[in-house]
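As structure tokens, the structure follows; a few thoughts come after it.
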Amino acid sequence: MAISYTDFSFSKSLNKSVPIWAMVRKEISDHIRSWQFIILLMIIVFTFFASMYVAISNLNSAISNTKDPDHLLIYLKLLTITDGSLPPFHVFISFLGPLLGISLGFNAINSEQQNGTLIRVMAQPIYRDNLLLSKFISVTILISTMFLTLSLLMIGGGLLITGVPIEFEEVVRILSYIIICVFYVEFWFSLSIIFSIRFKQAATAAIAAIGLWLFFTIFYNMIINVIAKVIVPKSNIFSSGPYSWIEMLFHMAPNQLYTDATTTLLMPKVRSLGPMSMEQMAGAIPNSLPIRDSLLIVWPQVSGLISVTIACFALAYYFFMRKEIKC
């Protein structure tokens, strides 16, 4: 993705650096014009409307199910219910979110270096760290705007169809869901930025990032299952005893962190992310948890997702600041 800052006037003061907001604006315009972002945006929008169509088609049956403690939370149902023909929207994002982050970051640095634009940009009065920060901020603005827009479309469509106003708790849960989606995409973007800095070829960086995504999506649980069957007795795999670390390993994958957090926030009836004993289930009232309790349950997952995102960006920052930029 070529960058050109020739539209800025440097004749007024050659000693002043280009402001970061101007760099962010230029990065956003480059992303909006790129075909890779447009194609993935169209796929996400298509899956969103397909999921909404399935959810609206099954909304009456979901609301009339009085055994479900969440049956009156209509706007959360629009994001979670399905008839089996298509998965709900938050499940789609668990697959499409990494592809969006990887597509925005796999060629962020190496393609500019290969095209010779990076050395020309660095010749301008621009701080090196501002270049990387502008890429991160621009992607954050783009995906935040995208998820917020889709959520507002969902709320507006639900209001027109049902005429039921949205509850404050539903607003908080949907906003929390948007924040988690942003950090989930940002994690894969930061990871792909690392590969973009370390590998000279954009294709190599893309293959490395996609390979890591496939590892966590497909092979990670298989490996943990094999390890558990070899060294742990079958009756103790998910116990709270000395082998409880096996369960913790299952929940350490980025896609599992996202799934656990979004499932708990969008389905208030979820009371625990692990197995519950009969003593814990005894006397429990089948009702929806308040938003505060749901946030307390998912806080380890949310903090873990935020932590790995910050760690990946810090590593990319370190590699980029030490990178030798030459023709």
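Considering all non-hydrogen atoms of both residues, Ser192 and Ala209 come closest at CB-CB, 4.3 Å. Shown here for Phe216 and Ala253, the closest heavy-atom pair between the two residues is CD2-CB, 4.0 Å. The two residues Asn107 and Gln36 come nearest to each other via the heavy atoms OD1-NE2, 3.7 Å. A pairwise comparison of heavy atoms in Glu170 and Ile74 identifies OE2-N, 3.2 Å as the closest pair. The two atoms that bring Ala316 and Ser190 nearest to each other are CB-O, 4.3 Å, heavy atoms only. Residue Ile194 comes nearest to Cys312 through the heavy atom pair CD1-O, 3.3 Å, listed as atom of the first residue, atom of the second, then distance.
Formation of a donor-acceptor pair under 3.5 Å by the Arg322 side chain with backbone atoms of Tyr317 is not found in this model. Asp293 contributes no side-chain N or O that, together with a main-chain N or O of Leu289, makes up a donor-acceptor pair within less than 3.5 Å. With Glu186 contributing its side chain and Thr140 its backbone, the two residues share a donor-acceptor pair below 3.5 Å. At least one donor-acceptor pair under 3.5 Å links the side chain of Asn110 to the backbone N or O of Phe199. A donor-acceptor pair under 3.5 Å is formed between the side chain of Tyr184 and the backbone N or O of Ser94. No side-chain donor-acceptor contact under 3.5 Å links Asn221 to the backbone of Thr217. Listed for the Ser196 side chain is a donor-acceptor partner under 3.5 Å among the backbone atoms of Ile109. Side-chain atoms of Thr263 never come within 3.5 Å of backbone atoms of Asp260 as a donor-acceptor pair (strictly under, hydrogens ignored).
Around atom CE of Met252, no more than 12 heavy atoms belonging to other residues, nucleotides or ligands sit under 6.0 Å away. For Phe147, the CZ atom counts as densely surrounded, since its 6.0 Å shell holds more than 12 non-hydrogen atoms of other residues, nucleotides or ligands.
The shortest distance between side-chain heavy atoms of Ile174 and Leu76 falls below 4.5 Å. Contact annotation: the side chain of Leu79 approaches that of Met52 to within less than 4.5 Å [non-hydrogen atoms, C-beta and beyond]. In this structure, Ile28 and Leu142 have side chains that are in contact, with non-hydrogen atoms separated by less than 4.5 Å. Proximity of Phe37 to Ser103: side-chain heavy atoms (C-beta onward) are nowhere separated by under 4.5 Å. For the pair Ile43 and Leu99, the minimum side-chain heavy-atom distance is 4.5 Å or more. Using a 4.5 Å cut-off on side-chain heavy atoms (C-beta onward), Leu295 and Ser176 make contact. Contact check for Leu159 versus Tyr75: side-chain heavy atoms found under the 4.5 Å cut-off. Looking at Pro88 and Val91, their side chains come closer than 4.5 Å, going by heavy atoms from C-beta outward.
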Original post:
Going through the checks in order, is the salt bridge (charged side-chain N to carboxylate O under 4.0 Å, His left out) test met by Glu167 and Arg173?
Top reply: CA-CA 10 Å; Glu167 300 289 339; Arg173 289 182 181 274; over 6 Å; no
Subject >> Check against side chain to side chain contact (heavy atoms under 4.5 Å, CB included), Met154 and Phe48 >> reply: CA-CA 9 Å; Met154 182 269 296; Phe48 170 79; 3.7 Å; yes
**OP:** Check step by step if side chain to side chain contact (heavy atoms under 4.5 Å, CB included) holds for Ile137 and Ile20.
**Re:** CA-CA 10 Å; Ile137 294 173; Ile20 190 172; 4.2 Å; yes
Original post:
Going through the distances and angles, do Leu153 and Phe49 end up as a side chain to side chain contact (heavy atoms under 4.5 Å, CB included)?
Top reply: CA-CA 10 Å; Leu153 285 174; Phe49 282 110; 4.3 Å; yes
Subject >> Working for side chain to side chain contact (heavy atoms under 4.5 Å, CB included), residues Ile44 and Phe92 >> reply: CA-CA 8 Å; Ile44 291 176; Phe92 269 124; over 6 Å; no
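Interatomic distance, CG of Leu73 versus NZ of Lys269, reported as 11.0 Å (0.5 Å rounding). To the nearest 0.5 Å, atom OG of residue Ser138 and atom CG of residue Leu133 are 10.5 Å apart. Atom CD1 of residue Ile141 and atom CD of residue Glu27 lie 11.0 Å apart, to the nearest 0.5 angstrom. For the atom pair Leu305 CG and Gln256 CD, the distance stands at 12.0 Å (nearest 0.5 Å). In this structure, the separation between CG on Leu148 and SG on Cys181 is 11.5 Å, given to the nearest 0.5 Å. Taken to the nearest 0.5 Å, the CG atom of Leu265 stands 4.5 Å off from the CD1 atom of Ile180.
Between Phe215 and Phe219, the distance separating the two ring centers is not shorter than 6.0 angstrom. Checked against the 6.0 Å centroid criterion, the rings of Phe136 and Phe313 qualify as a close aromatic pair.
Note on Phe319: it clusters hydrophobically with Phe189, by side-chain heavy-atom contacts below 4.5 Å among ILVMFWY residues. Under a hydrophobic clustering in which Ile, Leu, Val, Met, Phe, Trp and Tyr are joined whenever their side-chain heavy atoms come within less than 4.5 Å, directly or via other members, Ile93 and Leu257 fall into different clusters. Note on Ile291: it does not cluster hydrophobically with Leu296, by side-chain heavy-atom contacts below 4.5 Å among ILVMFWY residues. Put simply, Leu315 and Ile310 are part of the same group of oily side chains (I, L, V, M, F, W, Y) that touch within less than 4.5 Å, one to the next. Cluster membership check: Val185 does not share its hydrophobic cluster with Phe46, using side-chain heavy-atom separations under 4.5 Å among Ile, Leu, Val, Met, Phe, Trp and Tyr.
Between Glu112 and Lys135 a salt bridge is recorded (basic side-chain N to carboxylate O distance below 4.0 Å).
Below 30°, between 30° and 60°, or above 60°: for Tyr177 and Phe89 the angle between ring planes is above 60°, a perpendicular geometry.
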